[in-house]
Amino acid sequence: MDKFVIDGGIPLQGAVEISGSKNAALPIMAACLLAPGEYRLENVPLLRDVRTMAHLLRIIGAKVELRDGILWVDTSRADFPEAPYELVKTMRASIYVLGPLLARFGKARVSLPGGCAWGPRPVNLHLKGMEALGARLDLEQGYINARAKKLEGAAIKLDVSSVGATGNIMMAATLAGGITTIENAAEEPEIVNLAEFLKAMGAKISGIGTRILSIEGVPELQPANFRVIPDRIEAGTFLVAGIITGGRVTIRGCVPDHLRDVLAKLEQAGAKIYRESDSITAQTAGPIHPTDVTTAVYPGYPTDMQAQWIALMSLAAGGSVVTDVIYPDRFTHVPELQRLGADIVMKGNSAYIRGVQRLKGAPVMSTDLRASASLVLASLAAEGQSDVLRVYHIDRGYQEIEKKLQILGARIRREDDGKLY
Ligand code: UD1
């Protein structure tokens, strides 16, 4: 299993290109199941999760190929509407095929995702949405068996604003009879990107980027070519890398507007931020100011940047509180950050952080994707050597993170730790 060996304490300097968004690419790949034919998807990041989705599409009968940096998906022969447990258990976003399969084939058999490393992650809203559109669902051997002769539009109100449920229901509704409205819909840029892709395929969707989406079903959709948006979480992670190491980092090929709240927090934390149309520079300007953060749905501070913020605040000149209201259990990085010398006390879903003058290198273990990112950040700032174990988590969501960090001057290398588990 791979690990990162990091010699910390070097201020990062320079510029890196941001890759395409994982959380936009995954539902867009699933949406290719809605209409048979060939799709050309640009700016799809080369990640483990993308490979897992490609594998799933192949099981369903699609052809998926990467040629010249472009992902070609051919769903002409897709005919097996099933998502097996073996894949769903490794990537919960596999549930995104449920809506498209049901809409195109009138049936789907999708393994129910279990819990996640850091707590429960229900899919009840996805299922309620499909039922509201007229699907009959049964649970059998851990699989959702879904059937519908024809989906019919419905007025759906989500109890909580869910990215995944919004995307799944929106995809299913594109081919339903009549109009579907989704109230309390997610406004995240990844959902906007998915909606734009569906429109390019011929879907009729209004209210994109607002809390109420309206989808008028059409009899059929056509394949489309599309470009995935840049990854705002990767972008935010690299900006924090610049500031936590006392350096200056430019990220290129990003959408600054998608990072508004993260940039505001970085400025509050004392960083100088320079925005251009598609690039951002974060420069250290003195000590890190303690800055509280509470996660929220977009355009608020993203839960996917919570772990990285705790790493940053571990080195702030004072105390701060980081609260996660989206995923209250998502704090497995905290005990690992403590191994590096961070002073953090957990109370419920809040981390009380007292900034320390320095972190010290240690072996630490990744437990999930964003937790791993926070451990890499803290290790880059820590004195001495850190080994970040089980980096397969980080490979799920960051394309060649060690190479990008090396461009910025970081001393980080990938090694096989010789262990199978
Ligand atoms: C997506 C992102 C993930 C991010 C999260 C929140 C992808 C592949 N993943 O996950 O990186 O952290 O958005 O921005 O895009 N909920 C329910 N029932 C449901 C679904 C969700 O109660 O059926 C709750 C969740 O427990 C959570 C909240 O809704 O408290 C938001 O979750 P959701 O937006 O659905 O997250 P995901 O789509 O799974």
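Side chains included, hydrogens not; waters and symmetry mates left out as well; all remaining heavy atoms used. Both counts, for ligands and for their atoms, begin at 1 and track the order of listing.
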For ligand 1, which atoms sit closer than 4.0 Å to a heavy atom of [X]?
{"X": "Val123", "result": "19 (C), 23 (O)"}
{"X": "Thr303", "result": "6 (C), 12 (O), 14 (O)"}
{"X": "His126", "result": "23 (O)"}
{"X": "Asn23", "result": "2 (C), 3 (C), 7 (C), 8 (C), 9 (N), 11 (O), 15 (O)"}
{"X": "Gly164", "result": "35 (O), 38 (O)"}

4.0 Å heavy-atom contact, Glu190 with ligand 1: no
Would you say Arg330 contacts ligand 1, with heavy atoms under 4.0 Å as the rule? yes
Distance alone, cut at 3.5 Å: any donor-acceptor contact between the side chains of [X] and [Y]?
{"X": "Lys404", "Y": "Ser19", "value": "yes"}
{"X": "Thr237", "Y": "Tyr398", "value": "yes"}
{"X": "Ser21", "Y": "Asn23", "value": "no"}

With sequence neighbours left out, what residues match Asn168 under side chain to side chain donor-acceptor pair (under 3.5 Å)? His126
Only counting residues at least two apart or in another chain, list the ones meeting side chain to side chain donor-acceptor pair (under 3.5 Å) with Asp324. Thr295, Thr303, Gln306
Structural part of [X] in contact with ligand 1, heavy atom criterion under 4.0 angstrom:
{"X": "Val163", "answer": "both"}
{"X": "Pro122", "answer": "both"}
{"X": "Leu125", "answer": "both"}

Can you tell me if Tyr143 uses its side chain to pair, donor with acceptor, with the backbone of Ser111 under 3.5 Å? no
Hey, is the main chain of Ala78 close enough, under 3.5 Å, to the side chain of Thr75 for a donor-acceptor pair? no
Looking only at non-hydrogen atoms, the one of Ile95, Leu369, Asp304 nearest atom 11 (O) of ligand 1 is Asp304
I'd like to check whether Lys22 has a polar contact with ligand 1, where a contact means an N/O of the residue lying under 3.5 Å from an N/O of the ligand. no
Short N-O contact, Lys150 and Glu152, less than 4.0 angstrom: no
